[in-house]
Undergrad: 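Please find one structure pasted underneath; my questions will follow.
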Amino acid sequence: METYLALQHYWWFLVSLLGALLVFLLFVQGGQSFIFTLGLDPEDRRMMVNSAGRKWEYTFTTLVTFGGAFFASFPYFYAVSFSGAYWVWMLILFCFVIQAISFEYQNKKGNVWGSKTYQVFLLINGVLGPILLGTAVATLFTGGNFVLNRDAMVMFEGNTTMSSWVPFHGIQLHGLEAVLNPWNVVLGLAVFFLSRVSGLLYFVNNIIEPSLQEKARKNILPNAVLFLIFFLLFLGFLLTTSGYAYDPQTGVVSLEKYKFLNNLIAMPYLIASLLIGVVLVLYGMGKSIFVKNFNKGIWYHGVGVVLTVLTLLLLAGWNNTCYYPSVADPQSSLTIENSSSSPFTLKVMSFVSILIPFVLAYIFYAWRQLDFHKINKKEINKGVNY
């Protein structure tokens, strides 16, 4: 039993790490959101598109891997969320599909729509993608409007529906009601402005055209201020709100005052990771703003983003916390213990996860190769470019 619990904690850590990496990689979306504000002429826009275009597949692949790992290790979450709140996930999928199409087809021969049409699609992805993802992730803290019927797994007649989404005030919104909770939207906006800051820092590092680099640097401060406002608002809410806890012996769910603050106190190493993460985020932004020739801010900032988001996601699932509470029926809330795969499945996947360092090493190598030549006007006019 202890081994099973350890595997559940291990896989929540891996899923949280993938989620944290995904938030960092949203710098691609953040960069795309500036396509018509920084890129005032077609050549500048093409440099921005090519800079982001070198990395868009990393974000897309991480999103898919995050979803796959979540499904394999905690299938009840997929059964509940994707069958009930499917409008939110369909919108997210749509945003990323139009991104893939836009990068691949905007400069193809026979493009009857024109490259600007596809650049508008990139803008839509750059704005809606982070906001929708942030809003969806916030429901891990604020909850979903679902009811879970665990007996349906072994029933062959009667009500065999395992989960159902409860109408919101009589209207079936299938997850769209998440935007009616202001704290979900606050986190969505925090992720959006964070992605914009990340995108600007990436442009400063990846584009060596002086005029475009200078415009990117000037936009860091206002977006950083907006990110900090929304992030601190959500963090303040999180540390002062009540959360759902469960009894590890009986599985009974109850509301606990200051649950996430209690989690932080109970796991002091998470306090350290949160503080280190926030300091690195601030250092990466601050030095890039005030030191003109500094272009490594994306790396300090990126490590800080991963540590901060990882900490928040661990707060949602560890220490006997319901990581997906049900506001319709608290006893239907999902935990890492009542929603995970079998011990055999988690154990086999754990052996496979040993390959993760090798995959990361390859990603690092490929990243370095892609960045071997920085972006400028000369670079985009040779070779294969977007």
Undergrad: L274 and side-chain contact (heavy atoms from CB on, under 4.5 Å): which partner among L314, T308, L307?
TA: T308

Undergrad: Using side-chain hydrogen bond (donor to acceptor under 3.5 Å, both in side chains) as the criterion, list what pairs up with K55, not counting sequence neighbours.
TA: Y202, D371

Undergrad: Identify whether I276 and I265 are in the same connected component of the hydrophobic contact network (ILVMFWY, side-chain heavy atoms under 4.5 Å).
TA: no

Undergrad: Scan side-chain atoms only and decide if S350 and S353 contain a donor-acceptor pair under the 3.5 Å cut-off.
TA: no

Undergrad: Side chains of Y323 and S339: any donor to acceptor distance under 3.5 Å?
TA: yes

Undergrad: Please evaluate residues E177 and W165 with respect to the criterion side chain to side chain donor-acceptor pair (under 3.5 Å), reporting the C-alpha separation (whole Å), side-chain torsions for both, the decisive distance (0.1 Å), and the verdict.
TA: CA-CA 11 Å; E177 68 272 10; W165 210 260; 2.6 Å; yes

Undergrad: Could you tell me whether W11 and W318 have their ring centroids closer than 6.0 angstrom?
TA: no

Undergrad: Classify the side-chain pair N125/S102 by whether it contains a donor and acceptor separated by less than 3.5 Å.
TA: no

Undergrad: Could you check whether F234 and F230 have their ring centres less than 6.0 Å apart?
TA: no

Undergrad: Is the charged tip of R196 near the ring of F34: under 6.0 Å from the six-membered ring centre and within 45° of its axis?
TA: yes

Undergrad: Has Q331 got a side-chain atom pairing as donor or acceptor with V253's backbone, closer than 3.5 angstrom?
TA: yes

Undergrad: Mind checking whether F82 and Y86 have ring centres under 6.0 Å apart?
TA: no

Undergrad: What do you reckon, are the aromatic ring centroids of Y324 and F146 less than 6.0 Å apart?
TA: yes

Undergrad: For Y246 and E337, test the side chains for any donor-to-acceptor distance below 3.5 angstrom and give the result as yes or no.
TA: yes

Undergrad: Less than 3.5 Å apart, any donor N or O on the side chain of N263 or K259 sitting next to an acceptor on the other?
TA: yes

Undergrad: Going by atom types alone, do Y76 and S340 pair a side-chain donor with an acceptor below 3.5 Å?
TA: no

Undergrad: Using a 3.5 Å distance criterion without hydrogens, assess whether the side chain of R217 forms a donor-acceptor pair with backbone atoms of V204.
TA: no

Undergrad: Given 3.5 Å as the limit, does a donor-acceptor pair link the side chain of S333 with the main chain of S326, or not?
TA: yes

Undergrad: Who pairs with T311 by side-chain hydrogen bond (donor to acceptor under 3.5 Å, both in side chains), at least two apart in sequence or on another chain?
TA: S273

Undergrad: Can you tell me how far CG of L235 sits from CG of L312, rounded to the nearest 0.5 angstrom?
TA: 6.5 Å

Undergrad: Report the relative orientation of the aromatic rings in F27 and F24; use parallel for angles under 30°, tilted for 30 to 60°, perpendicular for over 60°.
TA: tilted

Undergrad: Just wondering, do V279 and L282 contact through their side chains at under 4.5 Å, heavy atoms?
TA: no

Undergrad: Please verify the inter-ring angle class for F74 with W12; under 30° counts as parallel, over 60° as perpendicular, anything in between as tilted.
TA: perpendicular

Undergrad: Checking E43 now: which residues fulfil salt bridge (charged side-chain N to carboxylate O under 4.0 Å, His left out) with it, not counting sequence neighbours?
TA: K377

Undergrad: Distance only, no hydrogens: is a donor on one side chain within 3.5 Å (strictly under) of an acceptor on the other, for Q119 and Q32?
TA: no

Undergrad: Distance only, no hydrogens: is a donor on one side chain within 3.5 Å (strictly under) of an acceptor on the other, for T135 and N184?
TA: no

